[in-house]
Number of protein chains: 2
Amino acid sequence: MITQKSLRSQIIEVVWQLIIDGKIKPNEPLREIHLADMLNVSRTPLREALQQLELEGIVKSEPRKGFRLSDLSEEELKEIYPLRAKLESYALELSGIPSPEQIDELISINHKMDTSNDPKELVELDEIWHGLLISNCKNKSLMKMIKMLHRQSQRYEYAYMDFGNMVKFSISQHAGIIEYLKKGQLKEASILFAENNMVGMDALINSLKLKHNN
Amino acid sequence: MITQKSLRSQIIEVVWQLIIDGKIKPNEPLREIHLADMLNVSRTPLREALQQLELEGIVKSEPRKGFRLSDLSEEELKEIYPLRAKLESYALELSGIPSPEQIDELISINHKMDTSNDPKELVELDEIWHGLLISNCKNKSLMKMIKMLHRQSQRYEYAYMDFGNMVKFSISQHAGIIEYLKKGQLKEASILFAENNMVGMDALINSLKLKHNN
DNA sequence: TATATTAATATTGTATACAATATACAGTAT
DNA sequence: ATACTGTATATTGTATACAATATTAATATA
């Protein structure tokens, strides 16, 4: 079956790329006409796309003033990550122990992370790893929220990708989670998973502070 | 004609009223032209409103087929309420002990619930009570998600308002939460708050099953 | 020069127009 | 009668047009 992707969702992805590539800076206004011309679409689907990104917390808007890219702040970071930790950890509990094939895949991705030193690739692999770990979760509302939080946290990750040696530690935590899962210790795995998210946050806070002090 | 303000948000509220008043039935298509004419607005802001409701999980859409009101299901109910329980309980922990004035207000609302026997009013009061309890929470992302879940759960509450004697029990739980808060036992209060949400779910499941069996 | 005021321009919010697709229906063949 | 095919109608998706507001530039004035 041929499925036509809606213009709106395509626009969202393109704008999202502009954002994580730093082509649009935090707090920068997103002028509709300019963007629409740039993407060769009309304002109508563009506005719909931006409104969705606003619901997802990426973009903000004031009446009659239009959209602008949201700021990045330590405060928001400290809101998002603990929430993400709680929700992902809950999602893992609901997912149950992954299948052997999934565990193999988790190991494989984690290995790739260990050998990679491209920060952007690391962000992507970590995202995939987290997604796979909870992919059996059937709670759609929960998954939707996690997806929203992923977008938000990825902005920080792409902006402050200088993780330093936290990566190694995070990878070891992944390994630890996998070990628990192999032994069927779901609860322990989910607790460690939450910690893993918090470690990611700490790394980002460090990078953020470093960058800010320059 | 709707008065001049923020048209989109006004449309959302009007459509929302149509939904909770049962003027639109679950799974019923929402034809844009028809609705737009009815509200004396154009399709553009109406579509934007419907898209927001879709993001909030109230409405769904398929490409080229338009919007329809989401179904109500026991399955979804069992997704939403535990999530709501987790998030509200977390929000209470972050809120800290309410001020004496807030506690007085919580007592007062709970008392009103005790004397009311209008189901619709009960739903509204319970909503207000929950909102007030966590109103000190500063985590905007968390509050946004809770707001989304409130909309979703309210659909169930308005549709199956025949709570029976669960109301009395819920009110007693509220009283219990207040007692904990007065004693500064935040953690205990938040645990009971989660239970309170789950009791609400159980009541709804009962009503849902009863209605379904007729 | 700096500030206030007003005109010009740009931008958003909403309505309408047009194009693409889906749905409903009539007519025909089996 | 039923299933099928083509056509008419309705509906959505996208683009454009217009009106209301915000922003910028220009001018006048102290």
Side-chain angles (χ1 to χ4, degrees), chain A residues 1-19 23-71 144 147, chain B residues 1-19 23-71 144 147:
Chain A
M1 164 131 91
I2 305 160
T3 165
Q4 163 125 307
K5 249 197 268 170
S6 78
L7 200 45
R8 190 174 96 225
S9 63
Q10 290 181 68
I11 293 173
I12 289 175
E13 285 316 308
V14 174
V15 173
W16 174 241
Q17 282 303 320
L18 291 175
I19 292 172
K23 299 271 171 50
I24 307 171
K25 297 279 184 298
N27 213 38
E28 185 180 323
L30 302 166
R31 269 164 297 135
E32 296 174 9
I33 301 168
H34 176 249
L35 256 179
D37 284 355
M38 181 184 231
L39 308 182
N40 272 304
V41 296
S42 74
R43 282 174 56 216
T44 310
L46 174 66
R47 277 174 64 90
E48 294 178 350
L50 292 178
Q51 276 162 24
Q52 175 158 345
L53 286 174
E54 183 176 16
L55 266 287
E56 293 182 16
I58 306 300
V59 151
K60 63 188 173 190
S61 77
E62 287 175 276
R64 289 277 166 202
K65 292 205 159 191
F67 297 93
R68 45 181 64 222
L69 187 52
S70 295
D71 263 325
K144 201 164 159 184
K147 225 164 264 170
Chain B
M1 169 74 154
I2 298 176
T3 56
Q4 307 246 11
K5 224 169 90 184
S6 168
L7 207 40
R8 192 174 96 225
S9 61
Q10 287 183 82
I11 293 173
I12 290 176
E13 285 316 308
V14 174
V15 173
W16 175 241
Q17 283 302 320
L18 291 174
I19 292 172
K23 299 270 170 49
I24 308 172
K25 298 278 184 302
N27 214 37
E28 186 180 322
L30 303 166
R31 269 164 297 134
E32 296 174 9
I33 300 170
H34 175 249
L35 256 179
D37 283 356
M38 182 183 232
L39 308 182
N40 272 307
V41 295
S42 74
R43 283 175 56 217
T44 311
L46 174 65
R47 278 174 64 89
E48 294 177 350
L50 293 178
Q51 276 162 23
Q52 175 158 345
L53 286 173
E54 183 176 17
L55 265 288
E56 292 182 15
I58 306 301
V59 150
K60 64 187 173 189
S61 77
E62 287 174 277
R64 289 276 167 203
K65 292 203 158 191
F67 296 92
R68 44 181 65 222
L69 187 53
S70 296
D71 263 324
K144 202 163 159 183
K147 226 164 262 171

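The chains referred to below are lettered A, B, ... by the order of the sequence lines, with proteins before strands, and numbering in each begins at 1.
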(message) Show the nearest heavy-atom pair for residues B:S61 and B:E54, with the distance to one decimal.
(response) OG-OE2, 2.9 Å

(message) What I'd like to find out is whether the side chain of B:R43 reaches to under 4.5 Å of the side chain of B:I33, using heavy atoms alone.
(response) yes

(request) Indicate whether any N or O donor in one side chain lies under 3.5 Å from an N or O acceptor in the other, for A:E13 and A:Q17. (result) no

(request) Whole angstrom is fine here: how far is it from CG in A:D37 over to C1' in D:dT16? (result) 13 Å

(request) Measure from the side chain of B:L7, starting at C-beta and using heavy atoms only, and say which of D:dT12, D:dA15, C:dT14 lies closest. (result) C:dT14

(request) Work out which heavy atom in B:G57 is nearest to a heavy atom in B:S70; give both atom names and the distance. (result) O-OG, 3.6 Å

(request) Return no unless some side-chain N or O of B:S42 is found under 4.0 Å from OP1 or OP2 of C:dT14. (result) no

(message) Pick the closest DNA chain D nucleotide for B:T44 and for A:P63 by heavy atoms, then say which residue is nearer the 5' end.
(response) B:T44

Using nucleotides 7-11 of chain D, report all nitrogen or oxygen pairs with the protein that are shorter than 3.5 Å.
{"residue": "D:dT11", "atom": "OP1", "partner": "B:R31", "partner atom": "NH1", "Å": "3.3"}

(request) Flag the pair A:I58 / A:W16 as yes when at least one side-chain heavy-atom distance between them is below 4.5 Å, and no otherwise. (result) yes

(message) Looking at A:K60, I'd like to know if its NZ atom is crowded, meaning that more than 12 non-hydrogen atoms belonging to other residues, nucleotides or ligands lie closer than 6.0 Å.
(response) yes

(message) Just the rounded figure in Å: distance from P of C:dT12 to CZ of A:F67.
(response) 9 Å

(request) Would you check if B:Q52 and A:Q52 make a side-chain contact, meaning some heavy-atom pair closer than 4.5 Å? (result) no

(request) Could you check if a side-chain atom of B:L53 sits within less than 4.5 angstrom of a side-chain atom of B:I12, using non-hydrogen atoms only? (result) yes

(request) Check DNA chain C against residues 46-62 of chain A and give the residues with a non-hydrogen atom under 4.0 Å, in numerical order. (result) A:R47

